[in-house]
Protein chains: 2
Amino acid sequence: MESQDLKRAGLKATLPRLKILKFLEESKQRHMSAEEVYKALLEAGDEVGLATIYRVLTQFESAGLVTRHHFDEGHSVFELNLGEHHDHIVCVRCGRVDEFVDEIIEERQHRIAEEKGYEMTDHALYIYGICPDCRKTQGRGPRTQGRGKAN
Amino acid sequence: MESQDLKRAGLKATLPRLKILKFLEESKQRHMSAEEVYKALLEAGDEVGLATIYRVLTQFESAGLVTRHHFDEGHSVFELNLGEHHDHIVCVRCGRVDEFVDEIIEERQHRIAEEKGYEMTDHALYIYGICPDCRKTQGRGPRTQGRGKAN
DNA sequence: TTCTAAATGCGAAAACTTCTCATTCCGTTC
DNA sequence: GAACGGAATGAGAAGTTTTCGCATTTAGAA
């Protein structure tokens, strides 16, 4: 009964919220756009308005249940928080996303914020590259759509 | 004569492109949205269509003259490339942006990409926090608009 | 100066996200 | 378990940011 999860997060356990949370938990994809959640629920016969999806995901974010990411795509993707923090490495060819944690980087970030006089609240680290599969398939991968990003 | 810069980048030296490049070079702000460039040029009497701004900035990006960033704001900001790579620390209160370079983090990133089998093409690291000025002014900073971001 | 491909401007439109407000639902009270 | 009140939802309108289409203009070569 995950309505408890919602209550604990300070949210009323409504049907749409339960459906969305359940979907995020059961989906094999970790990173979903609002649109993707919408379509997936539609197909599953659970119709939830797109505006509601956006509202709920934003609430989930405020409640700490999910994290919103801005990869290089122009729209937000959401990820269920499972406790452990991690960063992402994203394939610029096919969109595949892998995760990693690096204590040394974490530590350096805190130090840098401190040196600059900032009170660090958060951070985002994305590495972009070509994933192992796409490197084999030199002739350009499935979801061709890559743009650089650095500095 | 920066038309040479454009030629060198493989771009025809048109008036709009020259104006935009000149503006980016002379602006004290390093990170500008398309809209901001548009308005600034307007005020300076150099009218350039917004669509052109977007087109030109995208071309500049492809040519390696500028870098496009997606901070936590929902729109892109562009930064003139001055050679040296760096990452950013962004104030979630007032929007201030500071820059830093950390060799250790750079090195770890390459190592991680390698371990994961990726061919690294790029990366983006943003630290979010509250800048020294906003920490003093506890009662909420100027451009209040903050959202977390992590994982 | 003339010519041609490329670039621009403008408005329309697409993509993503938020807002408005009437209707419905949750959860508490009786 | 029916009634109530405030919160949540749905649907569409509207807001933002960005791209597109096409007629017109421009850069640069002849």
Side-chain angles (χ1 to χ4, degrees), chain A residues 1-23 31-39 41-42 45-63 65-66 68-78 95 143 145 147 149, chain B residues 1-21 23 31-39 41-42 45-63 65-66 68-78 143 145 147 149:
Chain A
M1 202 47 159
E2 56 249 298
S3 61
Q4 298 314 313
D5 299 325
L6 289 176
K7 301 257 180 69
R8 221 175 296 126
L11 296 169
K12 205 147 82 166
T14 66
L15 231 39
R17 295 215 262 244
L18 284 169
K19 286 176 184 168
I20 294 170
L21 182 56
K22 182 154 169 294
F23 174 70
H31 304 91
M32 310 273 297
S33 68
E35 189 79 28
E36 285 169 334
V37 173
Y38 174 69
K39 285 184 183 156
L41 287 180
L42 245 190
D46 290 319
E47 203 156 340
V48 177
L50 187 52
T52 299
I53 307 266
Y54 275 106
R55 261 185 310 233
V56 168
L57 287 174
T58 301
Q59 291 157 350
F60 282 6
E61 185 193 17
S62 301
L65 292 177
V66 306
R68 180 193 307 245
H69 297 286
H70 300 83
F71 292 155
D72 244 5
E73 306 160 313
H75 61 254
S76 302
V77 296
F78 298 84
R143 246 206 252 167
Q145 47 104 283
R147 183 203 291 148
K149 153 132 5 150
Chain B
M1 200 50 156
E2 55 247 297
S3 61
Q4 297 316 312
D5 298 326
L6 290 175
K7 302 256 179 69
R8 222 174 295 127
L11 296 170
K12 205 146 80 166
T14 66
L15 232 37
R17 295 215 260 245
L18 284 168
K19 287 177 185 168
I20 293 170
L21 182 56
F23 174 71
H31 305 90
M32 311 272 298
S33 68
E35 188 79 27
E36 285 170 333
V37 174
Y38 174 69
K39 285 186 183 157
L41 287 180
L42 245 190
D46 290 319
E47 203 157 342
V48 178
L50 186 53
T52 300
I53 307 265
Y54 274 105
R55 263 184 309 232
V56 169
L57 287 174
T58 300
Q59 292 158 349
F60 282 6
E61 185 192 18
S62 300
L65 293 177
V66 306
R68 181 192 307 244
H69 296 287
H70 299 83
F71 293 154
D72 245 7
E73 307 160 313
H75 60 253
S76 302
V77 297
F78 298 84
R143 248 207 249 166
Q145 49 106 279
R147 184 203 288 148
K149 158 155 315 175

Starting at [atom1] of [X] and ending at [atom2] of [N], how long is that distance when rounded to a whole Å?
| X | N | atom1 | atom2 | answer |
| --- | --- | --- | --- | --- |
| A:E36 | C:dA15 | CD | P | 15 Å |
| B:F71 | D:dT17 | CZ | P | 16 Å |
| A:D46 | D:dT9 | CG | P | 14 Å |
| B:Y38 | C:dT8 | OH | P | 15 Å |
| B:F60 | C:dA7 | CZ | P | 12 Å |
| A:H70 | D:dT18 | NE2 | P | 12 Å |
| A:L57 | C:dT17 | CG | C1' | 12 Å |
| A:Y54 | D:dA14 | OH | C1' | 15 Å |

Can you check nucleotides 11-13 of chain D for protein contacts, nitrogen or oxygen pairs under 3.5 Å, and list what you find?
none

* Asked: Can you tell me how far the OH atom of A:Y38 sits from the CE atom of A:M32, to the nearest 0.5 Å?
  ->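 The CE atom of A:M32 is 14.0 Å from OH of A:Y38, to the nearest 0.5 Å.
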* **Closest contact, heavy atoms only, A:L11 versus A:A63** =>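 Heavy-atom minimum between the residues: CD1-CB, 4.3 Å.
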* Can you check side chain to side chain donor-acceptor pair (under 3.5 Å) on A:R17 and A:S3, steps first, answer last? -> CA-CA 9 Å; A:R17 295 215 262 244; A:S3 61; over 6 Å; no
Is any side-chain heavy atom of [X] less than 4.5 Å from a side-chain heavy atom of [Y]?
| X | Y | answer |
| --- | --- | --- |
| A:D5 | A:L21 | yes |
| A:S76 | A:H69 | no |
| A:T58 | A:R68 | yes |
| B:L6 | B:L18 | yes |
| B:I20 | B:F60 | yes |

Tabulated below should be each protein N or O lying under 3.5 Å from an N or O of nucleotides 27-30 of chain C; please produce it.
{"residue": "C:dG27", "atom": "OP1", "partner": "A:A13", "partner atom": "N", "Å": "3.3"}

* **Residue closer to the 5' end of DNA chain D, A:R17 versus B:E35 (nearest nucleotide)** =>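 Checking each residue's closest nucleotide, the 5'-ward one belongs to A:R17.
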* Asked: Considering heavy-atom distances to DNA chain C, does B:Q59 or A:F78 have its closest nucleotide positioned more toward the 5' end?
  ->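 Closer to the 5' end of DNA chain C: B:Q59.
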* Asked: Does OP1 or OP2 of C:dT17 have a side-chain N or O of A:S76 closer than 4.0 Å?
  ->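 Affirmative; the distance criterion is met.
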* Asked: Where do B:I53 and B:L41 land on the side-chain contact (heavy atoms from CB on, under 4.5 Å) test, with the steps shown first?
  -> CA-CA 10 Å; B:I53 307 265; B:L41 287 180; 4.0 Å; yes
